[in-house]
There are 2 protein chains.
Amino acid sequence: MGEKELRRSLSVFPIGTVMKLTDLTARKIRYYEEQGLIHPERNEGNRRMYSLNDVDVLLEIKDYLTEGVNMAGIKRLYELKEHEKADRLKATQHVLTDDDVRRILRSEFQAVGGLDGDNPYQNFDGSHIFR
Amino acid sequence: MGEKELRRSLSVFPIGTVMKLTDLTARKIRYYEEQGLIHPERNEGNRRMYSLNDVDVLLEIKDYLTEGVNMAGIKRLYELKEHEKADRLKATQHVLTDDDVRRILRSEFQAVGGLDGDNPYQNFDGSHIFR
DNA sequence: AACTTATGTAAGAAAATATCACATAAAATA
DNA sequence: TATTTTATGTGATATTTTCTTACATAAGTT
């Protein structure tokens, strides 16, 4: 792991900072952890400490949810080793319609359910914090 | 101010994180603030929140102290607009002997006192956190 | 010797975070 | 449609972190 990756995985933010950085509630942040999407470390006092990588994942989760992808779908996306396929998609297409998401999920790892196609939001420009 | 500078001045770290990042005690960190060397913001709950820039300044302060420069000297150094002269010195010379520091301080802004010339440490490579 | 500097430490208050439990609208499923 | 699950809100209580203020002190300075 290079120096840069190391810095990005340094656990330095308490949940309050992450709340502001992501505009998520503490409840949501802890829930996404419970769902295995992030793995913040704990300090000596048992407080969760988050890394820049965690923050990025949380922002991505927000994007996915806005797209209409449910937790099950998001988990499947993150199961793709290192997120590589999804990342490449985001990097090349930059904007995914609900239909795209649906097609990808179905074709790449079978049906996942939970896609209703009624969410108009699209925000796959990859512009996250501390890039 | 560019995007990068903005990120570096985002107040996101609580004092506990800064303590670990810099290996300074809370007492020292607050004291350097009291001396006007850093200016952490406060959150709604009155807790100090530090930026990457603050962390860098603290690491520089550590370096200066290790070099034998006292608070008065460090303040003078930071009085140099944007730290430009000191930065250029660090960038070009990379290693300053106590004697160098003494000469610089004396010639550039008169005597500052507090330099004993007995400190063997030198660490001006500029390799700080989150670069 | 007396004063100043830079830092340690202690006490009490306030803020942030933890866990656990219960509530619930919307979505999924039977 | 009735039932269950999902994703999140809210409240209570405990613990940790940080704040301010005050006093202490070794080392350096005058």
Side-chain angles (χ1 to χ4, degrees), chain A residues 11-50 54 58 61-76 98 102 105 111-119, chain B residues 11-50 54 58 61-76 98 102 105 111-119:
Chain A
S11 299
V12 289
F13 305 114
I15 200 166
T17 294
V18 177
M19 289 172 68
K20 285 189 190 146
L21 253 26
T22 62
D23 197 38
L24 289 169
T25 63
R27 183 67 165 88
K28 287 182 179 183
I29 295 171
R30 296 195 194 104
Y31 181 68
Y32 303 148
E33 173 187 355
E34 190 180 313
Q35 297 302 305
L37 296 172
I38 51 175
H39 309 83
E41 293 179 14
R42 300 293 186 114
N43 70 5
E44 325 72 47
N46 196 39
R47 268 78 222 280
R48 291 171 178 81
M49 297 302 283
Y50 301 82
D54 291 327
L58 288 171
I61 292 173
K62 275 189 73 174
D63 285 346
Y64 286 134
L65 288 173
T66 297
E67 286 282 323
V69 182
N70 65 7
M71 280 295 135
I74 296 175
K75 286 185 201 171
R76 300 301 292 265
D98 298 342
R102 226 176 285 118
L105 291 176
V112 300
L115 303 172
D116 66 45
D118 276 320
N119 195 314
Chain B
S11 299
V12 288
F13 304 113
I15 200 167
T17 294
V18 176
M19 289 172 68
K20 285 187 190 148
L21 253 26
T22 62
D23 197 38
L24 290 170
T25 64
R27 182 66 164 92
K28 287 183 178 182
I29 295 170
R30 296 195 194 104
Y31 180 68
Y32 302 149
E33 173 188 356
E34 191 181 312
Q35 297 302 306
L37 296 171
I38 52 175
H39 309 83
E41 292 179 14
R42 299 293 185 114
N43 69 5
E44 324 73 45
N46 196 41
R47 267 77 219 281
R48 291 172 179 82
M49 297 302 282
Y50 301 81
D54 291 327
L58 288 171
I61 292 173
K62 275 190 73 173
D63 286 346
Y64 286 133
L65 288 174
T66 297
E67 287 282 323
V69 182
N70 66 5
M71 280 295 134
I74 295 175
K75 286 184 202 173
R76 301 300 291 265
D98 297 342
R102 225 176 285 120
L105 291 175
V112 300
L115 305 170
D116 64 46
D118 275 320
N119 196 314

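Every chain is numbered from 1 and lettered A, B, ... according to where its sequence line falls, protein lines coming before strand lines.
Between A/I29 and A/I38, the shortest heavy-atom contact is O-CD1, 3.9 Å. Annotation for B/Y50 and B/P14: closest pair CD1-C, 4.2 Å, computed over non-hydrogen atoms. Minimum heavy-atom separation, B/T22 to B/K62: O-NZ, 2.9 Å.
Picking from D/dA7, D/dT20, D/dT17 the nucleotide with the shortest atom distance to the side chain of B/R48 gives D/dT20. Of all nucleotides listed (D/dA7, D/dT17, C/dT19), D/dT17 comes nearest to the side chain of A/R47. The side chain of A/Y31 lies closest to D/dT8, out of D/dT18, D/dT8, C/dA6. Checking C/dG8, C/dA18, D/dG9 against every side-chain atom of B/K28, the shortest atom distance belongs to C/dG8. Distance from the side chain of B/I15 is smallest for D/dT18 among the nucleotides D/dT18, C/dT7, D/dT8.
Rounded to a whole Å, the CD atom of B/Q35 is 14 Å from the P atom of C/dT4. Separating the CG atom of A/L24 from the P atom of D/dG9 is a distance of 9 Å, rounded to the nearest angstrom. Per the geometry, NZ belonging to A/K62 stands 15 Å off C1' belonging to D/dT8, to the nearest Å. Atom OH of B/Y64 is separated from atom C1' of C/dA6 by 19 Å (rounded to the nearest Å). Distance CZ (B/R42) to P (D/dC19): 6 Å, rounded to an integer number of Å. When the P atom of C/dT17 is taken as reference, atom CD of A/E41 falls 17 Å away, rounded to whole Å. Atom C1' of nucleotide C/dT17 and atom CG of B/N43 are separated by 13 Å, given to the nearest angstrom. Taking atom CG of A/N70 as the reference point, atom C1' of C/dA28 lies 10 Å away to the nearest angstrom.
Atom CG of A/L24 and atom CG of A/L58 lie 6.0 Å apart (nearest 0.5 Å). Note that CG of A/N43 and CZ of A/R48 are 11.0 Å apart. Values are rounded to the nearest 0.5 Å.
Looking at which nucleotide of DNA chain C each of B/N46 and A/N46 is closest to, the 5′-most match is held by B/N46. Both A/G45 and A/K75 lie near DNA chain D, and the one whose nearest nucleotide falls closer to the 5' end is A/K75. Each of A/R30 and B/Y32 lies near DNA chain C, and the nucleotide nearest B/Y32 is the one positioned closer to the 5' end. Across the interface with DNA chain D, nearest-nucleotide mapping of B/T17 and A/R27 shows A/R27 to be the residue nearer the 5′ end.
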